[in-house]
**Q** 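Quick one: this structure, given as structure tokens, is what I'll be asking you about.
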Amino acid sequence: MLLPTLAVVFGLVLLVWSAEKFIDGAAATSRWLGLSPLLIGMLVIGFGTSAPEMMVSVLAALDGNPGLAVGNAYGSNIANIGLILGLVALVAPLSVHSSVIRKEMPLLLLVMLATGLMLLDGFVARWEAVGLLLALVVFIVVSIVRSRNQSDDALVSEVAETLDSKPMSRGKAIMWTLVGLVLLIASSRLLVWGAVEIAVRFGVSDLIIGLTVVAIGTSLPELASSITALRRKEHDMVLGNVVGSNLFNSLAVVGLAGVIAPIDAGREVLVRDWSVMTGMTLLMLLFAFSWRGRPRRINRLEGGILLALFIAYTGYMVSVVIMSR
């Protein structure tokens with residue numbers, strides 16, 4: 001039991017560090033290639049913060065553990081909204097200025113509803129996974145087109161400020177992109193092995209481990225980048241990190257894992273995990289939008305509600321592990 005536990009702990013630490021280096025390098029490389037700050041914020045950083053989930057889920061699917069893959073994706077979405085957004089809003093209320101983010105949130109809810117229909121039979125077939133990846137391609141194309149027409153969006157200045165705070169030469173940017181990617185793969189492999197071994201020892205499914213330990217661990221890069229953005233008062237970056245990461249998790253992470261190996265998720269994923277994830281996504285949208293003269297912001301009370309829901313869900317999942325022993 002000691003070796004798998006050390007593998008998970010060391011794998012998570014290395015995963016968080018390598019993900020940060022990969023995101024910094026990829027963002028700087030994209031700037032050298034001439035991509036707009038809005039496109040970097042919407043796609044490059046969104047993809048980068050989901051890279052740990054992507055690596056872990058792909059390797060889990062290749063190893064014949066698709067439950068770990070889907071648990072990691074949906075568990076990370078719950079952690080992103082409840083733990084990260086909830087905790088950050090509890091510290092400082094988040095104002096929402098970016099029209100891009102306000103347009104992406106209803107899209108995220110639509111993706112949640114589509115995945116719910118997909119999970120009605122408790123199974124993710126290859127053709128459904130291909131559909132998720134095609135939806136991701138459409139989202140990327142639309143984002144590229146939109147970035148050309150919204151250069152004055154609030155998110156643009158925040159991303160530009162973030163990039164200016166971490167200047168890199170072209171060679172250094174490429175180096176950290178490659179080094180971060182290699183270490184992401186290595187740390188993900190270590191994490192998957194340790195998580196599966198722990199699941200076997202505890203006698204629980206790899207889905208439960210994916211929804212808890214692995215999901216929270218792979219969400220740590222989003223937490224780190226959100227705390228950094230909060231220090232600079234870049235509120236749209238915080239919300240953008242969560243929305244972008246959850247879109248990539250739902251489309252790319254589950255899609256890639258499902259293409260590699262069809263996922264037998266079971267009815268419990270729809271009834272328990274999808275319901276919590278979609279409910280929290282709806283709450284995030286309601287809190288962030290303006291209605292009846294209400295300012296567009298997520299206040300401390302609303303942040304506390306999201307965090308309380310995450311704690312309650314995680315507590316329930318821990319009780320499932322304890323009861324199974």
**Q** Looking at every non-hydrogen atom in both residues, tell me the closest pair between Gly303 and Ile298 and how far apart they are.
**A**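 Nearest heavy atoms, Gly303 then Ile298: N-CG2, 4.3 Å.
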
**Q** Any side-chain heavy atom of Leu283 sitting closer than 4.5 Å to one from Leu309?
**A**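 Result yes, sub-4.5 Å side-chain heavy-atom pair found.
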
**Q** Val182 and Val58: same hydrophobic cluster, using ILVMFWY side-chain contacts below 4.5 Å?
**A**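 The answer is no; the residues belong to distinct hydrophobic clusters.
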
**Q** Is a donor on one side and an acceptor on the other found under 3.5 Å between the side chain of Arg126 and the backbone of Ile260?
**A**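 Between the backbone of Ile260 and the side chain of Arg126 there is a qualifying donor-acceptor contact (under 3.5 Å).
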
**Q** How many angstroms lie between atom OH of Tyr74 and atom CG of Leu270, to the nearest 0.5 angstrom?
**A**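 Atom-to-atom, Tyr74:OH and Leu270:CG are 9.5 Å apart.
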
**Q** Which atom names give the shortest non-hydrogen contact between Pro262 and Phe123, and what distance separates them?
**A**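 Taking Pro262 first and Phe123 second, the nearest heavy atoms are CB-CZ, 3.4 Å.
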
**Q** Check whether any side-chain heavy atom of Phe287 sits under 4.5 Å from a side-chain heavy atom of Asn299, and report yes or no.
**A**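 Not in contact.
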
**Q** Check for me, please, whether Leu286 and Ile78 land in the same ILVMFWY cluster - side-chain distances under 4.5 Å, paths through other members count.
**A**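 The answer is yes; both residues are in one hydrophobic cluster.
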
**Q** Report yes or no: does Ser250 contribute a side-chain atom to a donor-acceptor pair with the main-chain N or O of Leu108 at less than 3.5 Å?
**A**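 Not at all, since once roles are kept as given, no pair shorter than 3.5 Å links the two residues.
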
**Q** Ignoring hydrogens, what is the shortest heavy-atom contact between Glu128 and Val124? Give both atom names and the distance.
**A**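 Here Glu128 and Val124 meet closest at OE1-CA, 3.4 Å.
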
**Q** What's the verdict on side-chain contact (heavy atoms from CB on, under 4.5 Å) for Phe139 and Leu247, showing C-alpha distance, side-chain angles and the deciding distance?
**A** CA-CA 9 Å; Phe139 168 69; Leu247 274 169; 3.8 Å; yes

**Q** Rounded at 0.5 Å granularity, tell me how far CH2 in Trp274 sits from CG in Leu117.
**A**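 So the gap between those two atoms works out to 7.5 Å.
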
**Q** Nearest 0.5 Å, please: how far is CG in Leu87 from CG in Leu306?
**A**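 That separation rounds to 11.0 Å.
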
**Q** Quick check: closest heavy atoms across Ala73 and Val254, and the distance to 0.1 Å?
**A**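 Scanning both residues, the minimum pair turns out to be CB-CG2, 3.6 Å.
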
**Q** Under the side-chain contact (heavy atoms from CB on, under 4.5 Å) criterion, do Asp273 and Tyr313 qualify, and how do the steps go?
**A** CA-CA 9 Å; Asp273 313 309; Tyr313 171 79; 2.7 Å; yes

**Q** What I'd like to find out is whether the side chain of Met105 reaches to under 4.5 Å of the side chain of Leu239, using heavy atoms alone.
**A**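 When only atoms from C-beta onward are counted, Leu239 and Met105 do touch, with a gap below 4.5 Å.
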
**Q** What distance do Leu251 atom CG and Leu134 atom CG have between them, rounded to the nearest 0.5 Å?
**A**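 Result: 10.5 Å between the selected atoms.
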
**Q** In Å, rounded to the nearest 0.5 Å, how long is the span from CE of Met284 to CG of Asn80?
**A**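 With rounding to 0.5 Å, CE (Met284) is 9.5 Å from CG (Asn80).
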
**Q** Mark yes when over 12 heavy atoms from residues, nucleotides or ligands other than Arg267 sit less than 6.0 Å from its CZ; otherwise mark no.
**A**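 Incorrect, the count does not exceed 12.
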
**Q** For residues Ser57 and Ala69, report the shortest heavy-atom separation together with the two atoms involved.
**A**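 What the structure gives for the nearest pair is OG-O, 3.1 Å.
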
**Q** For Gly194, does its backbone N or O pair with a side-chain atom of Glu197 as donor and acceptor, under 3.5 Å?
**A**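 No; judged by distance alone, with no hydrogens or angles, the pair does not exist.
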
**Q** Kindly work out whether a path of hydrophobic side-chain contacts (I/L/V/M/F/W/Y, heavy atoms less than 4.5 Å apart) joins Leu14 to Val9.
**A**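 Leu14 does not cluster with Val9.
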
**Q** If hydrophobic clusters are built from ILVMFWY residues whose side chains come within less than 4.5 Å, do Met317 and Val271 share one?
**A**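 Each belongs to a different hydrophobic cluster.
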
**Q** In terms of hydrophobic clustering (I, L, V, M, F, W, Y; side-chain heavy atoms under 4.5 Å; direct or indirect links), are Ile311 and Val276 co-clustered?
**A**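 They do share one cluster, since a chain of ILVMFWY contacts under 4.5 Å joins Ile311 to Val276.
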
**Q** Under a 3.5 Å distance rule, please check whether Thr115 uses its side chain to pair with a backbone N or O of Met112 as donor and acceptor.
**A**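 Here the side-chain-to-backbone pair exists.
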
**Q** For Ala252 and Met54, work out which heavy atoms get closest and say how close.
**A**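 Closest approach of Ala252 to Met54: CB-CE, 3.9 Å.
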
**Q** Please test Val242 against Ile81 for side-chain contact (heavy atoms from CB on, under 4.5 Å), starting from the C-alpha separation and ending with a verdict.
**A** CA-CA 7 Å; Val242 170; Ile81 297 174; 4.1 Å; yes

**Q** Just how far is it from atom CG of Leu85 to atom CG of Leu94, taken to the nearest 0.5 Å?
**A**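 That separation rounds to 6.0 Å.
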
**Q** Looking at Leu109, is its backbone amide N or carbonyl O close enough to the side chain of Thr281 to form a donor-acceptor pair, meaning the two atoms are under 3.5 Å apart?
**A**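 No.
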
